[in-house]
Every structure is written in structure tokens, then in C-alpha cells.
Amino acid sequence: MLADLLKNVEVTEVRGSISVAISGIVTDSRKVQPGSLFVAVRGTQTDGHAYLGQAQELGAAAFVVENLPGETADDCVYIVVPDSSVALGRISASFYDDPSGKLKLIGVTGTNGKTSVVTFLFQLFRNLGHRCGMISTVQNQIEDEVIPSTHTTPEAIVLQELLARMADEGCSYVFMEVSSHAVVQRRIEGLKFAGAVFTNITHDHLDFHGTFDHYIAAKKAFFDGLTKDSFALINADDRRGSVMVQNTKARIYAYSMRNITDFRARILTATLQGMQLLINDKDVWVRLIGAFNVSNLLAVYGTALLLGEDEETVLTELSGLLPPPGRFEVVHDGKKDITAIVDYAHTPDALENVLSTIAQLRTHNEKVITVVGCGGNRDTTKRPKMAAIACKYSNLAVFTSDNSRNEDPEAIIEQMKAGVAPIDYKKTKTIVDRREAIRWAVAQAEKGDIILVAGKGHETYQEANGVRHHFDDREEVRAAFEF
């Protein structure tokens, strides 16, 4: 009944009887079926209030709106709320019988590291014998079942349905990425989090948030909404970590590679095969590379202990963890002894993390060749910064297309090149076609050289002019090795 779905929703006005059966919840008027509840959400591109008539014609039984239309139908119910996005999350939670309340739900937010931390947690807790679910940029997963991912954090209705499936299939834990978009658009409304993790924050998504302060505020809002029964685990190596928890009711913990905190680590030795770490004064070997991954592992280690897992067992299992697809994924050409690394790094901070890691591991007898582009219809301020970083750490920097979307790829590359210092012009190359750029980089490589292909990582497509074409950097690197 509609009345049951509204129990946690602030309602300012009701037109009609709320004793009506609801068969489903929709925000897209084209998906309305008889008995649907249509929630009119104001989005960045369209306003659901403009489609009330279409939803009515298709048989919607009730409407959730922020403003009543000029004309209302006598046989329909109208629920007026202050914010329909908030109402959508809470109604969806009630419709699916509050699934997050049946699970231990852990949310991970930050500019970089979200996917890695969520993937590591999913691997770890499955290895510890728990049934688990995962919601990530790369894919959603219920135990062994992989469900394609379309958003970092799904829309509220999809998210609640997915969590309900996880609860029904016996999952005890769910680890999910929480994007800043999802917080602002209230997609996580109605969820109960057992814990939240903050990895870091650097300039990104300013095309959506407008300013860096707004971006920070979006991340912080996630922690503001936690309850006293949950925990907040922050990266103390990021100076804005403490900002995230200024107003939280959750229990606060921290991890660090530089400071005395609840969970701490340092690198003892590092190679391209892995690292020997000291985590809370205990030795552990891991099959991961880079200081950024040490930070990610600390987040995982801390979360596991805060959820009551045995420390020695957790440390043992950390040794077997593998990175998500397209995160510092190594592709080696044994015949030519060339190493290629495919990574999702698509922000200045992420690119510098990866390249500085390579710099620490190289002998300086080899070349580092970086192939990188920037996405279209996204934050333009990072384009020259990424080009400058590529030049700083590389012997050759190849500027190419990423997902140009609705922009001219050549114009994007020109904006990138504005960040190149005159002294570095001679070590840059522009090849708009990404496949050709990868092949050119491989052709320049000699024995022992390292090639970084950055920006797309796990993605298996390239988007241009509204069309997605199959494209996988890992496949292209392997093909180039054989070319």
C-alpha cells in the first residue's frame, strides 16, 4: 500500500487516498505501467514534473511531486514532498523492505581508491567465509554472479532492488562505492550504513559540482548522515580527512602511512612483483604495487578489524589480494622484455600516484612512455595538469583520445598541451587515434622499458559522439606486442 511506503517520508500535502496498491516505482514516465508510483525527480537534464501527463496516460496510480500540476486527475493520488529525490530513496527502501537493515553495508568514498578498496574488501570477506555483495564502478557482484555496472553508485530504485537481492541470497556484508554525485542526488537516501571509509580527495568532477568546496561538501555530507551505531574510517594522510568527520555521529578511526593512528603501515621493500609491509608492527607480503595501494590496504585492514575480524587471519589473507581489473594491471611482453601497465588513472592525483610509483621502481636505465588522454564533457581544468604530470615523469608522453564524448578530441588534446613546459615539447607526441597511439608507444619501446596506458583502465569501450565502440586498453596493448 502507498501508505506503507510513505512511513519515513516528509509529506506536506496529499490529494486523494493513500490506501492504494502500488505495483512498482518509476522515475522514467516511459516505464510506467498500471499501478506504478511515478516520482517526479528534478534531474540535471530533465524535470520529471514535465512528464506527469504521460505517466498518467500510461496508468500511474499515484504521483510524488514537489509541486502540484495545474490540473489534477480525480482518480489519481498526489503526494507533495519538499524534495522528491529524498522521498524516492526512502520510498524505494520501504518498497524493498529495508534491505540495508538486514546487511552490514560499508560505503567507500573518495576521489581515488574507491574501486580498489571495495574490491579488496569483497575478496577478503569472501575468503574469510562470508557471503558478500559488491557495488562498484567496474561491476556489481553477488557472490560469483556478476551484474554489469552502469553507475559508480546506482539510482535509488536500482540500488535498493540490488541490495534486496543480496539480502535474499544470504549476503552478510555488502561493500559499495559512494560517489559524490550519488550523495548530492540523494541516491543513498534510506540506506543504513554500518561503516564508511574516506580514501582521499583531489580535484575532480568540477564540471558537476562547480567548485572544489562543493565537491568536498558532497563527500562530507555522506559522513554527516551516519548514525552513532556506525564507524567512520578516514585517511589521516589527506588533510581533509578530519573535515569529513567534523559533524558525524559515527565512531571515528583513522589510518595513515605517516602518522600515529589506529591503523598504520610503511613499506619495507617494493618491486614490480609486490611489497613487504609493516602493518601495525606486523610483517606482511602483498602482491600489490605502490604507496597508494598500501593506503588502500590500510583502509581494508582497518575496516575488517572494526567489523570484528581476527587480526592475524586478516593479515594472512591480505597477502593473496589481487587488484581490480585495470588498476595497475601489468601486461608483460616476454619476447621483448617490455612491461606495460594499464591503469584507470584519470585525475591528476591518480596519474601522479601511478607514475611516481613507477619512478620508485625503475632503474633509470629504461624509458618510461606514457599514453594518456582526458575525457570529454568533464572537468577541463585537469587537462593541462595531467599533461604536465605525464611529462614530468616520462621520457616520452603520448597525448591521445580518451572518451571524447561530445567534444572534439583534437581540441581536448590542445587543452592538455597547454600544460607542457617548452623544455618538454620535444618529448611529446600527439596521436589522436588511441589504438595507433598505443601501437606507436610499443614500437618505441626497447628491452626493459615501461609503458603506462592511463585513463580508461577496466573500460571496454570508447565513447565518441554519443556512440560507444568496443575498445579495451589491455587488448590493444597485447595486440601491439604481437603487431
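Everything quoted here is computed from the prediction, not taken from an experiment.
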* Asked: When you measure from the side chain of T199 to the backbone N and O of N112, does any donor-acceptor pair fall under 3.5 Å?
  -> yes
* Any donor-acceptor pair under 3.5 Å linking the side chain of E177 with the backbone of T137? -> yes
* To do: Count the heavy atoms belonging to other residues, nucleotides or ligands that lie under 6.0 Å from NZ of K104, then report whether that count exceeds 12.
  => no
* **Salt bridge K249-D229, side-chain N to carboxylate O under 4.0 Å** => no
* Asked: Between the side chains of S84 and E66, does any donor sit under 3.5 Å from an acceptor?
  -> yes
* Mind checking what makes side chain to side chain contact (heavy atoms under 4.5 Å, CB included) contact with S404, not counting sequence neighbours? -> P409, I412, A464
* **Qualifying residues under ring-ring contact (aromatic ring centres under 6.0 Å, His included), relative to F223, sequence neighbours excluded** => none
* Salt bridge present between D98 and K102 (N-O < 4.0 angstrom) -> no
* For K31, does the NZ atom have more than 12 heavy-atom neighbours from other residues, nucleotides or ligands under 6.0 Å away? -> no
* Residue pairs, two or more places apart or on separate chains, that pass salt bridge (Lys or Arg N to Asp or Glu O under 4.0 Å) and touch residues 344-360 -> E352-K392
* Could you tell me whether E10 atom CD has more than 12 heavy atoms of other residues or ligands within 6.0 Å of it? => no
* Taking atom types as modelled and ignoring hydrogens, do the side chains of E189 and S85 form a donor-acceptor contact shorter than 3.5 angstrom? -> no
* **Aromatic Y461 / basic K456 pairing, under 6.0 angstrom, 45° off normal** => yes
* Structure fact -> L105 meets the side chain to side chain contact (heavy atoms under 4.5 Å, CB included) criterion, sequence neighbours left out, with S100, L163, V174, M176, L191, F193
* Asked: What residues, two or more places apart in sequence or in another chain, satisfy side chain to side chain contact (heavy atoms under 4.5 Å, CB included) together with R266?
  -> L268, L278
* To do: Compute the centroid of each ring, for F125 and then for F175, and state whether the two points are separated by less than 6.0 Å.
  => yes
* Do any pairs count as a ring pair (Phe, Tyr, Trp, His ring centres under 6.0 Å) and have a residue in residues 241-280, sequence neighbours left out, and if so which ones? -> F263-Y301
* Ignoring hydrogens and geometry, is there a side-chain-to-backbone donor-acceptor pair from S179 to A182 under 3.5 Å? -> yes
